[in-house]
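Each remark here refers to the structure printed beneath this line.
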Amino acid sequence: MKLHRITSRIINLPEDYSFKLTASAYNFSWYFNGSELIIPIDYEELIIASIREVDLRKLKITLFSKRKVNHTETFFEEVEDALGVNENLKLFYDLWMRDPLLSQSYKSLKGFHLRKTKLWNALLIGICQQNASFRQGWNMLTLIHKKLGFRVEIEDGKTTIIPPSPEKIVNISINELKKCKLGYRAETIKRCAEAFYSNTLSEEKLQKYDEKDLTSIKGIGKYTARLALILSDRRYELPPIDRWLAKIISEVYNVPLGKAEEEWVSRWGRWCGLAAFITTLALDAEPLTQALKRIQEGKITPTFNENKITPLTLWKFT
DNA sequence: TGCCAGGCGGGGT
DNA sequence: ACCCCGCATGGC
């Protein structure tokens with residue numbers, strides 16, 4: 001499938017917006033190459049946005065699609081929303097600067113904004129993260145995209161991948177899904193796809209989902225539900241406390257494991273989800289033992305090491 | 001090699 | 001409301 005250029009627009013960036021950080025975090029090479037960011041806007045109609053830096057305070061957004069599109073305004077709005085160019089993080093910065101765990105990373109990560117993704121894709125990310133390391137989880141998602149995703153060509157031969165649709169997942173066998181090294185998570189992804197396909201869940205924006213809607217699917221628990229809502233709708237008030245973060249909280253703030261969530265909520269308030277996300281960036285998503293060691297050594301800031309696979313360098317390795 | 005790794009549900013108390 | 005276990009898989 002080949003897509004054609006529809007239209008372009010230049011937008012201004014606010015202060016403290018880092019395009020490079022925003023585009024880099026937890027991304028694949030088919031979405032970011034160091035200068036051009038691709039964001040699929042509509043998976044079915046195949047609306048794709050390409051975003052480049054014109055200068056430090058300006059971005060150029062170009063829309064691509066398979067055929068002519070009339071109301072491009074809403075698509076530009078969706079791109080800006082996905083990029084988070086209009087979100088105001090001032091109040092969060094006030095907490096970030098002073099926090100014992102995260103203040104060290106403030107300087108290098110300030111300007112990062114979370115890229116929104118579709119709920120369906122957010123759930124795939126969350127499910128792949130279950131009971132697995134960062135590396136293993138993102139390997140699974142890489143395989144899902146490469147083996148099952150839909151490849152599209154954008155004009156001059158560049159290709160990108162749209163995540164497989166719920167319909168596609170519904171129509172393939174569990175064994176086919178398991179080739180993505182998903183293990184028992186394959187069953188959860190299947191059930192999740194069925195929920196989307198049968199319209200129990202859909203991407204309709206009118207509907208605002210909450211945790212309960214998602215945890216009603218077997219295999220989606222509190223953590224995955226909250227993470228998915230954070231990634232798809234910036235529901236930063238939700239604390240996605242997994243074993244990894246719980247242990248870190250209990251060590252750093254000296255509270256029992258069972259009080260970790262309470263502690264996080266009292267520190268971050270409406271910013272729990274964003275703070276959790278940034279914690280993974282600050283520690284390069286190291287597995288727990290390594291992460292705790294990094295904290296002991298006071299190395300709580302991304303390494304930006306060229307040879308290391310981290311959330312911020314993942315796009316170089318896929 | 002055996003066991004850990006950003007969960008989860010089911011079954012026990 | 002807790003606690004505990006098994007569950008696929010890859011990586012060390």
Side-chain angles (χ1 to χ4, degrees), chain A residues 25-26 101-102 105 114 117 121-144 146-148 173-192 195 211-232 235-236 238-252 256-265 268 272-295 300 302 307-312 314 317-318:
Chain A
Y26 291 99
L101 175 63
L102 292 186
S105 64
L114 185 150
T117 189
N121 193 46
L123 282 164
L124 293 178
I125 295 170
I127 295 164
C128 290
Q129 284 290 132
Q130 294 175 356
N131 197 24
S133 65
F134 151 75
R135 195 79 71 80
Q136 188 180 351
W138 284 86
N139 275 339
M140 293 178 216
L141 195 66
T142 300
L143 289 170
I144 290 176
K146 286 193 169 171
K147 285 177 175 290
L148 305 171
S173 66
I174 282 286
N175 278 343
E176 194 65 26
L177 247 187
K178 284 192 172 172
K179 289 182 184 160
C180 300
K181 320 282 189 191
L182 292 161
Y184 53 73
R185 299 166 196 85
E187 309 276 355
T188 304
I189 288 180
K190 193 88 176 170
R191 279 189 291 265
C192 201
E211 233 176 282
K212 291 262 169 61
D213 298 317
L214 304 183
T215 54
S216 67
I217 299 167
K218 190 178 166 191
I220 308 283
K222 199 178 357 183
Y223 168 75
T224 307
R226 290 178 178 181
L227 181 61
L229 291 169
I230 291 162
L231 299 180
S232 62
R235 301 277 273 280
Y236 293 154
L238 302 172
I241 311 293
D242 46 33
R243 292 190 304 214
W244 185 84
L245 189 54
K247 181 71 179 168
I248 287 170
I249 293 168
S250 102
E251 293 282 318
V252 172
L257 268 179
K259 295 278 181 197
E261 180 170 328
E262 195 181 304
E263 179 70 23
W264 198 251
V265 172
W268 294 105
C272 287
L274 183 58
F277 192 102
I278 288 176
T279 305
T280 72
L281 297 182
L283 289 165
D284 292 327
E286 301 266 17
L288 187 55
T289 330
Q290 291 304 309
L292 291 172
K293 208 168 119 204
R294 287 264 302 257
I295 292 168
I300 321 181
N307 305 313
K308 195 179 163 86
I309 303 186
T310 74
L312 290 166
L314 180 63
F317 293 86
T318 52

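Letters go in sequence order (proteins before strands), and every chain restarts at 1.
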Have a look at A/Leu288 and say if it touches a base, only the backbone sugar-phosphate, or nothing, with a 4.0 Å heavy-atom cut-off. sugar-phosphate
If you find the nucleotide of DNA chain C closest to A/Arg135 and the one closest to A/Asn131, which residue's nucleotide is nearer the 5' end? A/Asn131
A/Trp264 atom CH2 is separated from B/dG6 atom C1', nearest whole Å, by 13 Å
Let me know the distance between CD of A/Gln290 and P of C/dG11, rounded to the nearest Å. 17 Å
Could you state the atom-to-atom distance from CH2 of A/Trp138 to P of C/dG11 in whole Å? 17 Å
Heavy-atom side-chain contact between A/Asp284 and A/Lys308 under 4.5 Å: yes
Considering non-hydrogen atoms only, spot the tightest contact between A/Arg135 and A/Ile309 and give its length. NE-CB, 4.0 Å
So CZ of A/Phe277 and CG of A/Leu227: to nearest 0.5 Å the spacing works out to 8.5 Å
What is the distance, to the nearest angstrom, from the CD atom on A/Gln136 to the P atom on C/dG10? 7 Å
Would you say a side-chain N or O of A/Ser133 is under 4.0 Å from OP1 or OP2 of C/dG10? no
For the residue pair A/Ser105 and A/Leu281, establish whether any side-chain heavy-atom pair is separated by less than 4.5 Å. no
Below 6.0 angstrom between ring centroids: does that apply to A/Trp268 and A/Tyr236? no
Can you list, by residue number, the residues of residues 245-252 of chain A that have a non-hydrogen atom closer than 4.0 angstrom to DNA chain B? none
Could you tell me the separation between the NZ atom of A/Lys259 and the C1' atom of C/dC2, rounded to a whole number of Å? 13 Å
A/Arg294 side chain to A/Ala282 main-chain N or O, any donor-acceptor pair under 3.5 Å? yes
Please measure how far the P atom in C/dA8 lies from the corresponding atom in B/dG11, and state the result in whole Å. 16 Å
Whole angstrom is fine here: how far is it from CG in A/Leu143 over to C1' in C/dA8? 15 Å
In the structure I gave you, are the side-chain heavy atoms of A/Trp264 and A/Leu101 within less than 4.5 Å of one another anywhere? yes
Euclidean distance, atom CD1 of residue A/Ile278 to atom C1' of B/dG6 [Å, nearest integer]: 17 Å
Taking atom C1' in both C/dC5 and B/dC3, compute the distance separating them and give it to the nearest angstrom. 16 Å
Roughly how far apart, to the nearest Å, are B/dC4 and C/dC4 at atom P? 16 Å
Interatomic spacing from SG in A/Cys128 to CD1 in A/Ile144 - rounded to 0.5 Å: 4.0 Å
Nearest-Å distance, CZ (A/Arg294) to P (B/dG6)? 13 Å
Apply salt bridge (Lys or Arg N to Asp or Glu O under 4.0 Å) to residues A/Glu176 and A/Lys179 and explain how you reach the verdict. CA-CA 5 Å; A/Glu176 194 65 26; A/Lys179 289 182 184 160; 3.3 Å; yes
Below 4.0 angstrom, N of the basic side chain to O of the carboxylate: do A/Glu211 and A/Arg226 qualify? yes
Test your reading of the model: is there a side-chain donor-acceptor pair from A/Arg191 to the backbone of A/Lys218, 3.5 Å cut-off? yes
Would you name the heavy atoms of A/Leu292 and A/Lys247 that are closest together and state the gap between them? CD1-CG, 4.0 Å
Protein-to-nucleotide contact annotation, 5' to 3' order, nucleotides 8-13 of chain B [B base; S sugar-phosphate only; - none; under 4.0 Å, heavy atom]: SSS---
Below 4.0 angstrom, which residues in residues 181-188 of chain A have at least one non-hydrogen atom near DNA chain C? A/Lys181, A/Gly183, A/Tyr184, A/Arg185
